[in-house]
Amino acid sequence: MWTCVRCKQTVDDRLAVCPHCGAARSAGRFSKEIQPQQTPQAQYAPDFGHVRAGRGFMIFGVILAVLLPAVAIFAAILCRNGWIGELYRLMNPDAAIAELSDGKTNLLYWALTIAAALLSSLPGIWTVGLGKALRRLHRMEELL
């Protein structure tokens, strides 16, 4: 019997890997009459159900990725008349009265609104990515 250095459980001498935590037995510690099996009797499958690292970042990121574009689109709908008028004056500096039915101005306005919504979703997407990276790092630490 040998004692696992990670989980401090006693393990049969024939096993080279701890079936409880998956830690490998130190090399060169076998006697001549007892040789370890090349494959362990029980395959180690780590349980990641308890891993909570990064979960808060992922939830917050999803909320940001949905909420910020919704606010940008809502603001674009509420202030549509004023912003389209200014956009029309920017495109046609000689015109005195802004026409809200101008097709090019409306198309440009909604294209800019979609671009603003996509750009405002980036902080949420980055936060979700950070949460996933933290989960992966925590899993790698458990496997070491």
Side-chain angles (χ1 to χ4, degrees), residues 1-93 98-144:
M1 299 299 276
W2 58 278
T3 303
C4 178
V5 293
R6 186 186 299 167
C7 66
K8 307 297 184 219
Q9 302 258 347
T10 58
V11 181
D12 187 19
D13 282 333
R14 293 176 291 171
L15 296 177
V17 176
C18 177
H20 305 290
C21 68
R25 186 174 180 184
S26 299
R29 304 231 177 173
F30 304 111
S31 65
K32 291 182 181 178
E33 59 270 357
I34 299 175
Q35 289 298 321
Q37 296 174 353
Q38 294 300 324
T39 58
Q41 291 176 351
Q43 287 287 29
Y44 171 67
D47 178 30
F48 295 120
H50 65 283
V51 176
R52 294 183 187 258
R55 187 173 292 169
F57 282 101
M58 291 174 61
I59 292 170
F60 184 65
V62 168
I63 291 170
L64 280 180
V66 172
L67 189 64
L68 290 178
V71 168
I73 291 173
F74 183 67
I77 290 171
L78 285 180
C79 301
R80 179 178 173 266
N81 293 338
W83 289 346
I84 284 185
E86 291 301 318
L87 189 59
Y88 183 79
R89 284 190 196 98
L90 183 65
M91 290 176 57
N92 302 320
E99 296 178 17
L100 296 178
S101 62
D102 186 24
K104 291 186 293 185
T105 307
N106 277 327
L107 184 65
L108 181 61
Y109 177 75
W110 289 112
L112 289 174
T113 300
I114 291 171
L118 291 175
L119 282 174
S120 65
S121 69
L122 285 179
I125 293 171
W126 289 332
T127 307
V128 169
L130 176 65
K132 286 188 176 192
L134 287 174
R135 288 190 81 165
R136 287 187 183 130
L137 283 174
H138 189 73
R139 287 179 183 169
M140 288 184 350
E141 286 176 357
E142 281 195 356
L143 293 176
L144 293 177

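- The CE atom of Met58 sits 5.0 Å away from the NZ atom of Lys132 when rounded to the nearest 0.5 Å.
- Shown are Leu64, Val71, Val66; of these, the side-chain contact (heavy atoms from CB on, under 4.5 Å) with Leu68 is made only by Leu64.
- In this structure the side chain of Val11 never reaches within 4.5 angstrom of the side chain of Thr3, judged on heavy atoms.
- With values rounded to the nearest 0.5 angstrom, Phe60 atom CZ is found 9.5 Å from Leu67 atom CG.
- Residues meeting the side chain to side chain contact (heavy atoms under 4.5 Å, CB included) test with Leu78, sequence neighbours left out: Phe74.
- Between the SG atom in Cys18 and the CD atom in Gln9 there is a gap of 6.5 Å [rounded to 0.5 Å].
- Contact record, Cys7 with His20: SG-CB, 4.1 Å, taken as the closest heavy-atom pair.
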Check your understanding: Can you list the steps and then say if Val128 with Phe57 is a side chain to side chain contact (heavy atoms under 4.5 Å, CB included)?
Key -> CA-CA 6 Å; Val128 169; Phe57 282 101; over 6 Å; no
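- For Ile63, the side chain to side chain contact (heavy atoms under 4.5 Å, CB included) criterion is met by Ile59, not counting sequence neighbours.
- Tyr109 pairs by the side chain to side chain contact (heavy atoms under 4.5 Å, CB included) definition with Ala76, Arg80, Trp83, Ile84, Leu87, Thr113, not counting sequence neighbours.
- Here the closest non-hydrogen pair linking Ala72 and Ser120 is CB-OG, 4.1 Å.
- Leu118 meets the side chain to side chain contact (heavy atoms under 4.5 Å, CB included) test with Ile114; sequence neighbours excluded.
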